[in-house]
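Step one of this worksheet: look at the structure below.
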2 protein chains.
Amino acid sequence: MKNTTPSPAGTRDPELTRSRILQAATELFVEQGYSAVSMSQVAKAAEVTKSLIHHHFGSKERLWEAVKERAFEHYFVEQMAMGERVGEPDADFLRDSVTAYFRFLKDNPTVVRLFAWAHLEEDAACGEMDRSLVEAGAKWIRQAQQRGALRDDVNPTHVIASFVMTCTQWFEARSHHAHWPGIGDDEAFLEDYLKIFMEGMTPRQ
Amino acid sequence: MKNTTPSPAGTRDPELTRSRILQAATELFVEQGYSAVSMSQVAKAAEVTKSLIHHHFGSKERLWEAVKERAFEHYFVEQMAMGERVGEPDADFLRDSVTAYFRFLKDNPTVVRLFAWAHLEEDAACGEMDRSLVEAGAKWIRQAQQRGALRDDVNPTHVIASFVMTCTQWFEARSHHAHWPGIGDDEAFLEDYLKIFMEGMTPRQ
DNA sequence: ACGCTAACTGGCCGACCGGTCAATTAAACG
DNA sequence: CGTTTAATTGACCGGTCGGCCAGTTAGCGT
């Protein structure tokens with residue numbers, strides 16, 4: 001049981017150092033992307049030497065990987081937790097899931113931006129990561145379809161893809177549509193989107 | 001009337017040079033983003049000297065602006081043309097518009113990726129650009145709503161935002177969902193998305 | 001034919017890049 | 001306690017960065 005946070009001014013704490021570096025790197029990478037950030041910038045922001053970063057992470061690229069891995073794991077864990085408390089395969093639960101996903105992205109702009117950077121560098125890791133989540137979600141939707149709770153003439157994976165992508169893009173491309181005439185805030189958009197999406201997923205009589 | 005393309009081997013043609021540079025820069029920037037691309041790389045790809053790029057474009061940043069401006073103008077012109085042939089304010093025309101937008105993005109991956117880069121650097125220009133397009137689209141939707149052709153309890157701007165974002169993200173984040181189990185190809189996804197979206201936009205009886 | 005303008009070149013600049021290395025020093029362990 | 005291990009430092013590396021500048025050269029108006 002060692003003391004971590006106190007740090008008797010001049011003491012060494014490799015774990016805290018690692019996380020300080022990781023934190024500084026995350027903030028910079030999230031904002032500017034991999035290539036625009038220099039090791040010296042990270043070092044300065046984390047208040048350590050450049051060499052120390054190399055000591056702990058090996059290279060700039062591995063630091064970048066560590067940053068992404070940490071954020072995506074956070075995403076994965078949260079989504080898994082969300083998947084745990086799975087409810088009845090009905091329309092209400094679908095609505096709740098979309099809402100929860102939307103709110104998660106809203107509360108985790110870091111994840112949103114890292115996803116965007118990862119997409120641009122064709123990093124397949126994030127897609128592989130939520131494979132199982134999508135699979136589980138699709139299975140759940142199929143159940144709801146068989147039950148007659150959701151329309152059954154659409155591919156369950158496409159259902160997930162469509163709402164995941166809409167939520168993601170809403171936050172990724174904020175700067176794009178933020179000044180569109182008549183656009184509302186997060187909640188107003190979510191409300192309208194849910195109206196369209198849920199109505200679209202309701203089985204015909 | 002000067003000859004442009006022939007180029008008697010050793011002749012000067014500033015306009016062609018400019019466009020050669022712009023083309024090379026576009027390809028590189030689209031692929032790797034602003035900061036990952038160096039002026040020497042562009043120079044090599046365009047088969048000109050670095051100094052010549054500076055002569056024509058002033059700086060790396062202005063070259064980047066020129067690249068984006070060119071692509072976004074292409075987008076704008078195409079969308080304007082699409083807006084010209086506006087049809088009846090009914091559901092069918094909405095479906096056709098979504099389809100056309102989806103196909104445009106599919107055929108113009110350069111625009112898609114430049115949008116993504118622009119979003120990440122919070123470039124508001126692309127949003128300002130299609131302000132008027134969105135305004136016109138929203139007006140059209142409002143007409144359809146008043147006519148009873150589309151459900152009228154949703155913000156028209158949100159309707160546009162929702163399908164624009166879905167289409168955009170489908171192509172921007174291809175690497176993300178491309179390997180999801182059960183996901184279909186472009187046309188299969190579009191078909192399912194249209195089912196949900198159009199049904200969601202249909203007025204209740 | 002001549003001169004001007006602008007396209008175009010090559011060489012160079014200081015700054016900074018990611019990364020290495022040997023030396024210092026604090027903590028962990030016996 | 002001494003020894004070992006690893007956290008940490010600062011000096012330093014070759015290479016590349018974006019950009020500048022002085023000079024050359026082609027086209028164009030007169």
Side-chain angles (χ1 to χ4, degrees), chain A residues 1-68 117 121, chain B residues 1-68 117 121:
Chain A
M1 245 1 84
K2 306 303 309 307
N3 61 335
T4 41
T5 18
S7 257
T11 276
R12 294 182 176 182
D13 186 339
E15 283 197 27
L16 183 119
T17 302
R18 255 190 85 95
S19 84
R20 283 241 312 286
I21 295 170
L22 218 42
Q23 187 54 35
T26 301
E27 283 165 25
L28 287 164
F29 282 143
V30 157
E31 175 125 2
Q32 314 175 37
Y34 176 72
S35 13
V37 173
S38 74
M39 292 298 267
S40 357
Q41 254 179 98
V42 178
K44 194 173 177 184
E47 293 178 295
V48 297
T49 45
K50 226 177 14 153
S51 324
L52 192 51
I53 306 181
H54 276 95
H55 173 70
H56 282 293
F57 294 92
S59 72
K60 190 189 177 187
E61 198 147 348
R62 275 210 288 256
L63 175 60
W64 173 231
E65 295 299 329
V67 164
K68 285 192 289 182
W117 291 116
E121 55 189 34
Chain B
M1 243 4 80
K2 306 302 309 304
N3 61 334
T4 40
T5 17
S7 254
T11 277
R12 294 184 176 183
D13 186 340
E15 283 195 29
L16 184 119
T17 302
R18 255 189 84 96
S19 85
R20 282 241 311 287
I21 295 171
L22 218 42
Q23 187 54 36
T26 301
E27 282 165 26
L28 288 164
F29 282 144
V30 157
E31 176 125 2
Q32 314 176 35
Y34 176 73
S35 8
V37 173
S38 74
M39 292 298 267
S40 359
Q41 250 180 101
V42 178
K44 193 172 179 184
E47 292 177 296
V48 297
T49 45
K50 230 182 3 158
S51 323
L52 192 52
I53 306 182
H54 276 94
H55 174 70
H56 282 293
F57 294 93
S59 72
K60 189 189 176 187
E61 197 149 348
R62 275 210 288 256
L63 175 60
W64 173 232
E65 296 299 329
V67 164
K68 285 191 291 183
W117 291 116
E121 57 188 34

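We name chains A, B, ... by the order of the sequence lines, and we start the count at 1 in each one.
When each of D:dG19, D:dT8, D:dC17 is scored by its nearest atom to the side-chain atoms of B:His54, the top-ranked nucleotide is D:dG19. Side-chain proximity of A:Thr11 to C:dG18, C:dA27, D:dT8: nearest is C:dA27.
Taking side-chain N and O atoms only, B:Ser59 has no distance below 4.0 Å to OP1 or OP2 of D:dG18. Proximity of B:His56 to the phosphate of C:dC8: a side-chain N or O atom is located under 4.0 Å from OP1 or OP2. Using a 4.0 Å cut-off, some side-chain N or O of B:Thr17 falls inside it from OP1 or OP2 of C:dC8.
Judged by distance alone, with hydrogens and angles left aside, B:Ser51 brings a side-chain donor or acceptor within reach of the base of C:dG10, the pair sitting under 3.5 Å. Side-chain atoms of B:Lys50 come within donor-acceptor range of the base of D:dG19, with a qualifying N/O pair under 3.5 Å. For D:dT8, its base never sits under 3.5 Å from the side chain of A:Arg12 at any donor and acceptor pair.
Atom CZ of A:Arg20 and atom P of D:dA7 are 15 Å apart (whole Å). Atom pair A:Ile53:CD1 and C:dG19:P shows a separation of 11 Å (rounding to whole Å applied). Protein atom CZ of B:Arg62 is 13 Å distant from nucleotide atom C1' of D:dG18, rounded to whole Å. Between B:Met39 atom CE and D:dT16 atom C1' the separation is 14 Å, expressed in whole Å. To the nearest angstrom, P of C:dC8 lies 11 Å from CD of B:Glu15. Residue B:Trp64 contributes atom CH2, which lies 18 Å from atom P of D:dC17 at whole-angstrom precision. In this structure, B:Gln41 atom CD and C:dC17 atom P are separated by 18 Å, rounded to whole Å. Taking atom NE2 on A:His55 and atom P on D:dT5, their separation rounds to 14 Å, with Å as the unit.
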Practice problem: Run the numbers on B:Glu65 and B:Phe57 for side chain to side chain contact (heavy atoms under 4.5 Å, CB included), then give the verdict. | Solution: CA-CA 10 Å; B:Glu65 296 299 329; B:Phe57 294 93; over 6 Å; no

Exercise. For B:Gln23 and B:Arg20, run side chain to side chain contact (heavy atoms under 4.5 Å, CB included): C-alpha distance rounded to whole Å, both residues' side-chain angles, the deciding distance at 0.1 Å, then the answer.
Key: CA-CA 5 Å; B:Gln23 187 54 36; B:Arg20 282 241 311 287; 5.8 Å; no

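Residues B:Leu22 and B:Thr26 share a closest heavy-atom pair of O-OG1, 2.6 Å. Scanning both residues, A:Ile21 and A:Ala46, for their nearest heavy atoms gives CA-CB, 3.9 Å.
Judged by distance alone, with hydrogens and angles left aside, the side-chain atoms of A:Lys60 form a donor-acceptor pair with the main-chain N or O of A:Val37 at under 3.5 Å.
The residue B:Ser38 sits close only to the backbone: its heavy atoms come under 4.0 Å of sugar-phosphate atoms, none of a base. B:Val42 comes within 4.0 angstrom of no nucleic acid atom, judged by non-hydrogen atoms across all strands.
Using bins of under 30°, 30° to 60° and over 60° for the plane-to-plane angle, the ring pair A:Tyr34/A:Trp64 lands in the tilted bin.
Using a 4.5 Å heavy-atom threshold, the side chains of B:Val42 and B:Val48 count as separate.
One finds the CE atom of B:Met39 at 11.5 Å from the CG atom of B:Leu28 (value rounded to the nearest 0.5 Å).
Summary of the strand contacts: B:Glu47 and A:Tyr34 both lie near DNA chain C, and taking for each the nucleotide with the nearest heavy atom, the more 5' one is attributed to B:Glu47.
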Please produce a list of atom pairs where a protein N or O lies less than 3.5 Å from an N or O of nucleotides 1-3 of chain D.
none

